[in-house]
Amino acid sequence: MFDKLASQPTDPLLALIGLYNADGRPDKIDLGVGVYRDDRGRTPVMEAVKSAETLLLETQESKSYVAPEGDRIFLDLLWDLVGGTGTGKFAAGVQTPGGSGALRLAAELIARAGTGRLHLGLPSWPNHAGIFGATGLTVETHPYFDVATQDVRFSSMMKALSSAQRGDAVLIHASCHNPTGATLTAAQWEELATTIAERRLIPLIDSAYQGFGSGIEEDVLGLRRVIAAAPEALVAVSCSKSFGIYRERTGAIFAVAETQSAADTARTNLVTMARTSYSMPPDHGAAVVRTILSFDSLRQTWADELNSMRYRLNELRRELATALSDSWQLAPQIAEQQGMFSLLPLTEADVLSMRTQHGIYMPTSGRINIAGLKKTDVARVASILKPLLG
Ligand code: LMR
């Protein structure tokens, strides 16, 4: 049987990890996969996570199954953090293996119950189209961002959504857009929310970078505005970045509706889909997040750590923008954009030559992970980028 299969390429973004590790040059720089790094290039376990793990090690009495939907206390605490209490809507959540697991369940639910059509603004995280396509959804694309001008193509996006059909789903990045870092203004969120509600579209909101943009609360205000306006919504949450627990695969999908019973019905479907796929989610990361969010002191430690990650990112953004500003007039946009990523107008050949000649790694799209820069790298990276951008 296996000889009938064609070998598949490694995901290009994840392949960068291996390529970077195999490069022996001491001055190599990893601007590839979206992982936070400190100024020494490490992705340390957060202090709040270490403390929660210590507590769990001392107090956990069983490794038996938790529940089909995962840890209910984790789900309630996570929903408070993301959805808050003021949207006037009811949510029902299912714990998932990471944000990707949440997106996959959401896509299967849309395929089962909706029009089977999802609108996706481009560019987007490359795996979005992969996940949605794998469930049989028809993915309709529209422009979201113009790389050449570094602007959100808001009117093109609104035009596409204004002609979407009732019941169509639309993918929305909650904050820190991946791969562009380009965030909507409050007025644009308002207009988006109104159009979604008027057209009776189903927003599928991907929240993976809460705390990396403007602040832990600030980064979910747009999301909450859309939830408040739309009759129904799906919210996919990843804990990978905000809690730095990437490999623990921790996330959740929330069905949001006008009544608790509608949300609960959606949840029973999500649980059934999970059961026939991987049965139940892994527990450890969710137990860590539950512990952090349950204790005020741990929660404060976590918030302080996340805030300082954001400050570091924003400082690097400003420094890179300044270093590029004498040869690229759009450089100030790098400082305005939010989260880990910016998308530079580089060709594939530019990206490959930076890799081979200078040991600087990024995906061929031209996306850079700002967190991969050390302060001492900024001048060198800027000098290599200048002739390519100017
Ligand atoms: C990224 O975009 O680099 C991250 O979300 C990691 C991933 O899984 O692709």
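All ligand and atom numbering here is 1-based and tracks the order in the structure. This structure is a prediction, so every number in the text was calculated from the model and none was measured. Below, all heavy atoms of this structure are taken into account, side chains as well, without hydrogens, waters or symmetry copies.
- Note: Tyr144 and His177 have parallel aromatic rings, judged against thresholds of 30 and 60 degrees for the angle between ring planes.
- A heavy-atom separation below 4.0 Å is found between Asn178 and ligand 1.
- Looking at His128 against ligand 1, nothing comes within 4.0 Å, counting heavy atoms.
- Below 4.0 Å from some heavy atom of Val33 lie the following atoms of ligand 1, by number and element: 3 (O), 6 (C).
- Looking at atom 5 (O) of ligand 1, its nearest protein heavy atom turns out to be Lys241 NZ, 2.9 Å.
- Here the closest non-hydrogen pair linking Thr135 and Arg104 is CG2-NE, 3.4 Å.
- Checked against the 6.0 Å centroid threshold, Tyr246 and Tyr36 do not count as a close aromatic pair.
- At a 4.0 Å heavy-atom cut-off, ligand 1 does not touch Met340 at all.
- Heavy-atom proximity to Arg367, at under 4.0 Å, picks out these atoms of ligand 1: 1 (C), 2 (O), 3 (O).
- Atom CD1 of Ile384 has more than 12 heavy atoms from other residues, nucleotides or ligands within 6.0 Å.
- Any N or O atom pair closer than 3.5 Å counts here, and Gly34 shares at least one such pair with ligand 1.
- Heavy atoms of Tyr246 found under 4.0 angstrom from ligand 1: none, in either backbone or side chain.
- By the criterion of a heavy-atom distance under 4.0 Å, neither the backbone nor the side chain of Asn369 is placed next to ligand 1.
- Note on ring orientation: taking the six-membered ring where Trp is involved, the planes of His173 and His128 are perpendicular (angle over 60°, cut-offs 30° and 60°).
- Shown here for Pro363 and Leu16, the closest heavy-atom pair between the two residues is N-CD1, 3.4 Å.
- Side chains of Ile216 and Asn307 form a contact here, defined as non-hydrogen atoms less than 4.5 Å apart.
- Less than 4.0 angstrom separates some heavy atom of Tyr209 from each of these atoms of ligand 1: 5 (O).
- Scanning all protein heavy atoms for the shortest distance to atom 7 (C) of ligand 1 gives Trp125 NE1, 3.7 Å.
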